[in-house]
Asker: 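Right, I'll just put the structure down here and ask away after.
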Amino acid sequence: MTLASNITRYNRAAAVVTAAVIILQTRESSCFSPTAKGYHIGCNFAQRKPTNLRSNGVIDIDVVDADDEPCLLGDNIVASCDVTSGDSIMNEVQTMPPPRRGTQTKLSAATNLGKCICGAGSFALPHVFLKEGVLGGTLAITICAFLAMNTMQSINRSRFLAVANEPLISPPTSYVELTKLALGDGASKVVFSLTLAASLGVCSTYIVFVGQTLASLSADAMSANIVHTLAPNIDETTWEIITAATVLPISLVRNYGVFAFTSALGVTAVLGGILVTLAYGVLVDPGGGIGEALSAVSQLKMWPDSFSDAFGGSFGTIAYLFCINFLTFPIINSMKDSRNDYDGAVSSAVAVIWMVNALFAIVCLGFYGEETQDLVLQNLDNGPYLSALKILLCVDLLFTFPVVFSSGRQILENVLLDESGKEEEEETMSLALSRATITSGAVATCFGLSQVGGFGVVANLVGGVAQGTLAFIIPPAIAVALSRRSSNGNFEASEISQWLIGGFGVAVVSSVTYFTLAESLG
């Protein structure tokens with residue numbers, strides 16, 4: 001395993017930046033973990049308790065959020081909050097006013113979406129382009145970005161179509177809720193399971209990234225960096241054990257607001273890495289400026305050598321970058337006018353991030369050619385400034401881990417524990433121990449995943465399978481189901497594009513799964 005191959009796991013660390021903005025701006029939030037009564041968790045950014053009515057005037061208790069600590073937006077994961085008990089707040093809900101509208105503008109939503117997409121995973125793209133070829137990589141990132149944009153917009157349209165005949169019911173506020181309305185319980189459980197897989201999978205890549213980064217610094221005697229000085233020649237597995245032991249206690253914290261400072265930390269680390277990479281390539285190694293780098297690109301291969309190169313080792317990384325569909329619900333819910341503004345916000349965010357990432361990948365590939373590492377930062381030396389940057393990335397990930405991990409933990413707690421009707425002050429020692437046991441088991445699972453084939457395998461499976469399914473298969477299926485429902489079961493021409501996207505999704509998911517496992521086992 002190389003340190004470089006693990007950068008994509010850090011991609012969503014930058015997405016936590018969105019948390020601080022949404023905490024201040026949002027009035028409605030998204031929830032997707034199932035409770036005993038429905039697939040909802042009180043994920044409250046603004047202490048809201050919306051009143052939802054069925055067509056017969058009965059209050060829908062299952063979609064009521066309870067007062068709780070504000071949720072944060074994690075790395076491709078919505079951080080979940082405590083479970084709401086519908087029966088315990090029945091009387092209060094009956095007297096509550098209608099839910100307050102979101103506050104985010106189109107520009108604000110586009111900015112938040114861009115933060116979710118663009119992160120340190122950008123540093124893995126030069127190597128992706130090396131394996132895909134210059135034109136192949138450009139085509140792959142273009143297709144992935146376009147289809148991800150299309151399905152994110154489709155999800156928002158489906159929210160309104162799902163309740164088109166029920167004017168008194170608000171549109172679904174979570175991916176699981178929307179899937180349940182459109183495709184039924186079985187499909188919603190699939191979305192639920194994929195969310196759990198994504199949460200633990202992303203966290204496992206954090207452990208590998210921190211472990212391998214510190215191991216590389218620890219082994220580098222030439223640079224005399226601080227890690228080597230304090231802890232020389234410690235192997236990667238030991239660092240990963242230390243990392244897992246470090247994140248375990250902070251993952252028990254249930255007030256996610258204490259991690260809001262990682263927003264600024266993540267932005268600083270990512271922007272610093274991009275600027276240092278470009279400056280180093282232009283001024284130091286290889287030098288010669290961007291023009292020379294672009295001219296060197298013409299000497300590189302244009303297309304992948306095999307389907308294995310195209311899917312097994314790279315396409316999942318691109319999907320990991322752009323397929324943030326299930327992360328978008330808090331942003332949708334926080335907008336003033338999501339029906340009219342969301343599509344434009346998505347288009348703007350994806351277009352800008354696509355252009356920046358494609359150009360960055362091509363320029364860096366021109367700098368280093370066939371020597372481009374899985375993580376382009378590895379092409380730079382371990383001088384004091386770059387060492388400090390790497391340590392900053394690791395620190396940021398340590399504190400981002402519990403935010404991302406929280407959704408997976410909450411899902412497991414909802415399945416394994418019965419917390420209905422319990423107030424915070426009523427928490428028993430037995431319940432606290434049960435929660436600690438679940439958290440410990442989940443962290444151990446993340447550590448175990450980090451040992452299976454390295455990040456290249458895990459990232460491609462998480463990005464290409466879990467996120468790929470949630471981006472390229474489920475949204476078209478929802479759109480087709482709702483289309484048939486509105487047309488009394490008749491086929492409509494608008495379904496053709498959805499079937500094509502779904503077919504592409506099936507091909508991508510199956511190909512990434514096969515080639516990644518074949519590469520890992522072979």
Side-chain angles (χ1 to χ4, degrees), residues 2-11 13-14 114 117-142 144-145 209 212-213 216 267-305 309-310 313-322 352-383 385-387 389-390 392-393 455-456 459-460 463:
T2 63
L3 167 65
S5 65
N6 300 300
I7 185 57
T8 307
R9 84 183 60 93
Y10 186 78
N11 176 50
I117 298 171
C118 188
S122 301
F123 300 124
L125 287 179
H127 190 262
V128 169
F129 273 54
L130 177 63
K131 299 191 73 172
E132 297 269 2
V134 176
L135 295 181
T138 302
L139 180 62
I141 196 173
T142 301
C144 189
F209 178 88
Q212 292 192 347
T213 299
S216 69
V267 168
T268 301
V270 173
L271 291 181
I274 291 175
L275 292 176
V276 167
T277 301
L278 292 175
Y280 189 90
V282 170
L283 302 175
V284 181
D285 181 19
I290 293 179
E292 183 173 325
L294 293 177
S295 64
V297 170
S298 62
Q299 306 301 317
L300 301 173
K301 70 178 182 181
M302 295 291 112
W303 301 99
D305 294 329
D309 286 341
S314 56
F315 192 85
T317 302
I318 299 176
Y320 202 66
L321 192 69
F322 284 97
V352 171
I353 300 305
W354 165 81
M355 180 176 63
V356 170
N357 278 281
L359 290 176
F360 178 75
I362 292 172
V363 170
C364 289
L365 187 60
F367 284 153
Y368 305 111
E370 296 292 337
E371 302 300 319
T372 302
Q373 301 295 310
D374 291 347
L375 167 58
V376 73
L377 288 175
Q378 286 301 103
N379 288 102
L380 285 64
D381 61 33
N382 278 331
Y385 296 109
L386 185 58
S387 297
L389 175 64
K390 291 180 178 180
L392 180 62
L393 292 174
F455 174 75
N460 271 281

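Positions are given from 1 along the sequence.
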Asker: Is a donor on one side and an acceptor on the other found under 3.5 Å between the side chain of N379 and the backbone of E371?
Answerer: yes
Asker: Side chains of I141 and F322: closer than 4.5 Å at any heavy-atom pair?
Answerer: yes
Asker: Hey, does P126 have a side-chain heavy atom less than 4.5 Å from the side chain of Y368?
Answerer: no
Asker: Quick check for you: to the nearest 0.5 Å, what is the distance between L130 atom CG and C364 atom SG?
Answerer: 12.5 Å
Asker: To check you understand the geometry: which heavy-atom pair defines the closest contact between Q373 and H127, and what is its length?
Answerer: O-CB, 3.2 Å
Asker: Counting C-beta onward and ignoring hydrogens, is there a side-chain heavy-atom pair between F360 and T277 closer than 4.5 Å?
Answerer: yes
Asker: Identify the two heavy atoms, one from G369 and one from L300, that lie closest to each other, and give their separation to 0.1 Å.
Answerer: CA-CD2, 4.0 Å
Asker: Taking all non-hydrogen atoms of both residues into account, name the closest pair between A124 and T317 and its distance.
Answerer: CB-CG2, 4.0 Å
Asker: Can you pull the side chain to side chain donor-acceptor pair (under 3.5 Å) pairs that have at least one residue in residues 287-305, sequence neighbours excluded?
Answerer: K301-D305
Asker: Nearest 0.5 Å, what's the SG-CZ distance between C144 and F315?
Answerer: 4.5 Å
Asker: Taking all non-hydrogen atoms of both residues, which atom of F123 and which atom of G273 are closest, and how far apart?
Answerer: CZ-C, 3.4 Å
Asker: I want to check something: taking the side chain as every heavy atom from C-beta on, are L393 and T213 in contact at a cut-off of under 4.5 Å?
Answerer: no
Asker: How many angstroms lie between CG in L365 and OG1 in T372, if you round to the nearest 0.5 Å?
Answerer: 4.5 Å
Asker: Is any side-chain heavy atom of L125 closer than 4.5 Å to a side-chain heavy atom of L321?
Answerer: yes
Asker: Between F129 and T138, is any pair of side-chain heavy atoms under 4.5 Å apart?
Answerer: yes
Asker: Over all heavy atoms of both residues, which pair between G136 and P304 is shortest? Give the atoms and the distance, please.
Answerer: CA-CD, 4.3 Å
Asker: Could you check whether any side-chain N or O of Y280 sits under 3.5 Å from a backbone N or O of L386, counting only pairs where one atom can act as donor and the other as acceptor?
Answerer: no
